[in-house]
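What you are looking at is a predicted structure, and each value in this text was computed from that prediction instead of being measured. One-based numbering, in listed order, for ligands and for the atoms of each. All values below come from the heavy atoms of this structure, side chains included, with hydrogens, waters and symmetry mates left out.
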Amino acid sequence: MPGYDIAALKQRIAGIRYEDNPALVRQKSRDFYWYSPVLKRQLDAVTGDIVVAPATEAELTQAMAAAFELQIPLTPRGGGTGNYGQAMPLSGGVLLDLSNMNQVKTVAPGRVAAQCGAILADVDRQARQRSGQELRLHPSTYHTASIGGFVAGGSGGVGSIRWGGLRDCGNILRLKVATMEASPRLIELSGDDLHKVAHAYGTNGIITEVEMPLATAYEWIDLIAGFPTLTEAMHYANALGEQDGLLLKNLAVVAAPVPHAIFARHQRYLRPDHHVVIVIAAEHALDGVLAFTRRHRRAEILFRSDQAPDADRKGLPSAFELTWNHTTLRALRQDPSVTYLQVLYPFPRQIELVERIHARFGAELSAHLEFVRFDGKITCFGVPLVRFTTEERLEEIVHIHEDMGALIFNPHRYTLEEGGMKRTDEVQLAFKRETDPRGLLNPGKMIAWDDPSYDYRSGRTYLFPALAERMAS
Ligand code: FAD
């Protein structure tokens with residue numbers, strides 16, 4: 001591992017908060033990579049040399065200029081809730097903690113602007129208080145993830161049933177980005193240029209400010225419906241998602257017996273034999289949702305937050321904390337040996353494909369679906385729970401999914417390409433040449449930068465050389 005001149009860095013960042021206690025640096029050098037047994041094995045030894053925590057754009061660019069001059073890598077971190085080791089410094093160096101850059105700057109009709117480190121729940125609360133509006137989209141890590149980390153590392157989540165994902169035009173309005181150069185520049189991006197840095201894991205610029213669209217804020221009601229079969233639950237959810245007149249915020253299916261086993265605080269409302277559909281609906285849509293549900297004779301409403309006793313209204317987690325990767329988290333708490341996948345079942349044969357895949361795997365895979373609007377069509381992502389045996393079997397399960405027609409966004413890979421579409425993103429690569437000429441930002445996460453001739457179809461997993469060294473030592 002290269003030795004960096006951290007003493008010289010400290011001199012150049014005088015006045016900026018930093019932490020170099022190795023135990024605390026190690027703690028901040030982690031995210032939720034441990035969800036994956038593969039990443040856990042590969043990344044456990046990863047740690048930075050120092051955490052630098054600027055509070056202003058001026059401090060940020062000062063720290064970036066110093067790291068550039070001394071050729072010290074720099075890995076940004078918002079809330080550290082990413083699942084793929086995205087915010088872990090594979091080459092050591094500076095862990096850039098952005099949590100102090102957390103101001104909500106402006107709220108206007110249809111838009112909110114905030115500094116990158118602002119926590120999504122804070123942004124949402126301020127938008128509600130100041131204007132009666134709310135964020136369209138947030139991950140289920142609403143209370144802990146930052147707005148910059150969501151844009152740089154997330155994809156969608158709560159709200160995606162109505163608004164699609166972050167990749168869709170209009171779901172991010174503007175980004176301000178600092179470059180990694182001798183004199184860092186601040187660049188404003190909008191329109192198609194947003195794709196240069198959105199979901200680039202901070203490899204080609206540090207997002208300092210984010211402007212997101214807002215929608216009218218409503219009171220949201222949590223509903224859980226139970227079904228005797230997974231097929232009925234899936235068909236109901238798909239059809240409910242297609243009801244254009246019903247405003248929903250989230251729509252998920254979790255197969256029995258998992259909900260009863262892992263949703264501990266909702267357990268008394270659930271039964272082990274129920275496959276559940278978790279719905280978050282606007283208060284004004286509730287009557288419509290209930291009328292629609294009555295058409296499904298075998299559906300049973302198990303839980304309604306508007307009718308729950310006071311203690312439960314206050315004490316139960318919001319239903320979105322039962323969905324997306326919170327489902328996985330709750331399953332892992334019950335049984336650390338489970339793992340998961342991220343699957344897109346393409347429209348229009350999504351339900352049939354889910355059925356075929358789950359029939360193929362039986363008890364090795366447990367269904368968890370998140371319904372979303374994808375290019376204007378209702379379809380579903382899967383975040384199935386997988387009974388983990390070996391890494392080889394996990395790979396085999398991935399390949400079987402792909403052979404059967406599903407798309408896998410592999411959560412057991414730390415690189416952008418292998419976790420995504422398995423090809424070079426030329427736009428992000430070109431932007432990196434411009435904004436990070438020395439390749440110091442979050443090294444090891446963009447294969448196209450490190451190894452332009454890498455063959456994604458080779459079947460082997462990319463191993464970043466600096467990480468290989470660390471694993472060997
Ligand atoms: P971090 O983990 O700190 O960073 C994420 C990536 O962005 C890293 O590569 C980091 O280097 C980079 N980064 C951070 N800040 C900046 C910046 N200012 N400029 C440039 N790069 C930056 N994801 C979803 O999309 N939807 C979900 O519903 C969802 N649910 C989740 C549930 C659980 C329980 C967990 C553990 C994760 C979930 N995730 C989900 C993944 C993760 O929470 C989201 O991606 C989240 O938005 C990340 O925000 P963060 O602030 O924690 O980012």
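In terms of N/O distances under 3.5 Å, ligand 1 is approached by Thr141. Among the atoms of Ile206, none of the N or O lies under 3.5 angstrom from an N or O of ligand 1. Remark: ligand 1 and Thr81 share an N or O pair separated by less than 3.5 Å (distance only, no angle test). At a 3.5 angstrom cut-off on N or O pairs, Arg77 does not count as close to ligand 1. On a distance-only criterion, Leu329 and ligand 1 share no N/O pair closer than 3.5 Å. Between Ser146 and ligand 1, at least one pair of N/O atoms sits closer than 3.5 Å. Of the N or O atoms in Cys116, none lie within a sub-3.5 Å distance of an N or O in ligand 1. Taking distance alone, with nitrogen or oxygen atoms compared against 3.5 Å, Gln86 approaches ligand 1 more closely than that limit. Remark: ligand 1 and His326 share no N or O pair separated by less than 3.5 Å (distance only, no angle test). On a distance-only criterion, Val158 and ligand 1 share no N/O pair closer than 3.5 Å.
Side-chain contact of Gln428 with Trp449: a donor-acceptor pair under 3.5 Å is absent, judged by distance alone. No donor-acceptor contact under 3.5 angstrom links the side chains of Tyr454 and Thr424, judged on distance only. Between the side chains of Gln342 and Tyr84, at least one donor N or O sits under 3.5 Å from an acceptor N or O. For Glu321 and Ser318, the side-chain atoms include no donor-acceptor pair closer than 3.5 Å. For the 3.5 Å distance criterion, the side chains of Thr323 and Asn250 qualify, holding a donor opposite an acceptor. Side-chain atoms of Glu242 and Asn238 form a donor-acceptor pair, as typed in the model, at a separation below 3.5 Å.
Heavy-atom proximity to Trp324, at under 4.0 Å, picks out these atoms of ligand 1: 28 (O). Residue-ligand proximity, Phe150 to ligand 1, at heavy-atom distances under 4.0 Å covers atoms 25 (O), 47 (O), 49 (O). In the vicinity of Gly202, heavy-atom distances shorter than 4.0 Å reach the ligand 1 atoms 20 (C), 21 (N). Atom numbering of ligand 1 starts at 1 in the shown order; those under 4.0 Å from a heavy atom of Gly205 are 20 (C).
A salt bridge does not link Glu434 with Lys196: every distance from a Lys NZ or Arg NE/NH1/NH2 to an Asp or Glu carboxylate oxygen is 4.0 Å or more.
For atom 30 (N) of ligand 1, the closest non-hydrogen atom on the protein side is Ser140 OG, 3.0 Å. The protein heavy atom nearest to atom 38 (C) of ligand 1 is Asn83 OD1, 3.5 Å. Scanning the protein for heavy atoms near atom 18 (N) of ligand 1, the closest one is Ile207 O, 2.9 Å. With hydrogens left out, the protein atom closest to atom 29 (C) of ligand 1 is Pro139 CB, 3.6 Å, a heavy atom.
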Stepwise, does the ring-ring contact (aromatic ring centres under 6.0 Å, His included) test hold for Phe320 with His138?
CA-CA 10 Å; Phe320 69 72; His138 62 77; 5.0 Å; yes

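Heavy atoms of Tyr201 found under 4.0 angstrom from ligand 1 belong to the backbone as well as the side chain. Heavy atoms of Leu166 found under 4.0 angstrom from ligand 1: none, in either backbone or side chain. When heavy-atom distances to ligand 1 are checked against a 4.0 Å cut-off, Asn325 comes that close through both its backbone and its side chain.
With hydrogens and angles ignored, the 3.5 Å screen pairs no side-chain donor or acceptor of Thr141 with any backbone N or O of Ala145. Judged by distance alone, the side chain of Tyr462 and the main-chain N or O of Met446 form no donor-acceptor pair under 3.5 Å.
A distance below 6.0 Å separates the ring centres of Phe303 and His266.
The aromatic rings of Phe32 and Tyr35 sit perpendicular, their planes meeting at an angle over 60°, well past the 30° parallel limit.
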